[in-house]
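Both counts, for ligands and for their atoms, begin at 1 and track the order of listing. Everything quoted here is computed from the prediction, not taken from an experiment.
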Amino acid sequence: MNIIGSALEHYYGQEYILRGIDIEIKAGSFTAIIGESGSGKTTLLSILSTLLNPTLGSVTFDGKTIAEVGNIDTFRRHNIGFVFQFHYLISYLTLRENVALAALDETLIDPLMESLGIERLGGRYSDEVSGGERQRAAIARALINRPKIVFADEPTGNLDSKNALGVYELFKRFSDEGTGFVVASHDKKLAEYADTIIEMEDGIVKKIYQR
Ligand SMILES: Nc1ncnc2c1ncn2[C@@H]1O[C@H](COP(=O)(O)OP(=O)(O)O)[C@@H](O)[C@H]1O
Ligand SMILES: [Mg+2]
């Protein structure tokens, strides 16, 4: 899915956050949004992923605006996966049940958990596994309906650097298989895994480059 953001601007109340942003996310690409805390990464990612309406400007998904994609819930469920800094797994459900809760096709659960290396942890609860394993379960939940694109905001913010690289490697692997990723992080290491890097500074795109 090709996503184009045109002339995006965003205000929180009177505060002017994003200014004049034009951006294209190519289908199946791995895009990193990097920049310091407060530079506008979360705001931009939220706008590109349908979670936040920009104050000005528009976002299109394969040429269609949000108003034109039909039912937004259906659109998200079939097209988009989300991963956040805090895994947001339900603590009363096992890892497998958390993935199953979102799944449109249950036969995909076990193969996906296996490919993420957490198949033997399916019966455990989130407080019975490590931070890296928890985040892999959250990634399984994001990938279970084979979304065209996954948006991840600081997905490694709670992980040590070894587990963080493990998460980037997983994203890269699924990206090589055709899933698009847009990942926001203050961690510069992320850029080494992406094919497009968007560098944010004080609410503007400072630089976009391809690797
Ligand atoms: N809901 C909000 N209300 C008011 N200001 C906000 C809100 N969210 C973010 N901001 C401000 O917008 C700026 C950009 O924030 P954000 O997009 O979260 O940046 P980043 O993810 O790079 O840290 C910051 O100055 C932040 O304080
Ligand atoms: Mg942020």
- Got the closest protein heavy atom to atom 18 (O) of ligand 1, with its distance? Thr42 CB, 3.6 Å
- Check whether Leu143 and Leu45 end up in the same hydrophobic cluster, where Ile, Leu, Val, Met, Phe, Trp and Tyr are linked by side-chain heavy atoms less than 4.5 Å apart. no
- Scanning both residues in full, the closest heavy-atom pair of Phe174 with Ser115 reads CZ-OG, 3.6 Å
- Quick one: list whatever passes side-chain contact (heavy atoms from CB on, under 4.5 Å) with Arg136, sequence neighbours left out. Ile118, Glu133, Leu170
- Task: Would you name the heavy atoms of Asn145 and Ala102 that are closest together and state the gap between them?
- Result: ND2-O, 3.0 Å
- Message: Heavy atom to atom 9 (C) of ligand 1, shortest distance: which of Tyr12, Tyr11, Tyr16 holds it?
- Response: Tyr12
- Query: For atom 6 (C) of ligand 1, is the nearest protein heavy atom under 4.0 Å away?
  - Reply: yes
- Message: Check for me: within less than 2.8 Å of the Mg ion (ligand 2), which protein N/O/S atoms show up?
- Response: Thr42 OG1
Only pairs under 3.5 Å count here: list side-chain donor-acceptor contacts from residues 199-211, not counting sequence neighbours, and write none if there are none.
unit_1, atom_1, unit_2, atom_2, d
Glu201, OE1, Lys206, NZ, 3.4
Gln210, OE1, Thr196, OG1, 3.1
Arg211, NE, Ala191, O, 3.3
Arg211, NE, Ala194, O, 3.0
Arg211, NH2, Glu192, O, 2.7

- Contact atoms of ligand 1, heavy-atom distance to Glu36 under 4.0 Å: 22 (O)
- Contact between Ser39 and ligand 1, counting heavy atoms under 4.0 Å? yes
For residues 53-62, dump all side-chain donor-acceptor pairs below 3.5 Å to protein atoms at least two apart in sequence or in another chain.
unit_1, atom_1, unit_2, atom_2, d
Thr55, OG1, His10, ND1, 3.3
Thr55, OG1, Tyr11, N, 2.9
Asp62, OD1, Asn2, N, 2.8

- Query: Considering residues, nucleotides and ligands other than Glu68, do more than 12 of their heavy atoms fall under 6.0 Å from its CD?
  - Reply: yes
- So which heavy atom in the protein is nearest atom 22 (O) of ligand 1, and how far is it from that ligand atom? Lys41 NZ, 2.8 Å
- Task: Evaluate the criterion side chain to side chain donor-acceptor pair (under 3.5 Å) for residue pair Thr43 and Tyr12; output intermediate values, then yes/no.
- Result: CA-CA 10 Å; Thr43 305; Tyr12 290 111; 2.7 Å; yes
- Message: Counting only heavy atoms from other residues, nucleotides and ligands, does the tally under 6.0 Å from CD of Glu36 exceed 12?
- Response: no
- Query: What protein heavy atom sits nearest atom 20 (P) of ligand 1, and how far away is it?
  - Reply: Gly38 N, 3.5 Å
- Just need the protein heavy atom nearest to atom 19 (O) of ligand 1, so name the residue and atom and give the distance. Gly40 N, 3.1 Å
- For atom 15 (O) of ligand 1, find the nearest protein heavy atom and state the residue, atom name and distance (0.1 Å precision). Thr43 OG1, 4.0 Å
- Task: Could you label the plane-to-plane angle of the Phe30 and Phe171 rings as parallel, tilted or perpendicular, counting under 30° as parallel and over 60° as perpendicular?
- Result: perpendicular
- Is there at least one protein heavy-atom neighbour under 4.0 Å from atom 1 (N) of ligand 1? yes
- Item | Residue part near ligand 1, for Ile17, under 4.0 Å between non-hydrogen atoms | side chain
- CZ of Arg146: more than 12 outside heavy atoms within 6.0 angstrom? no
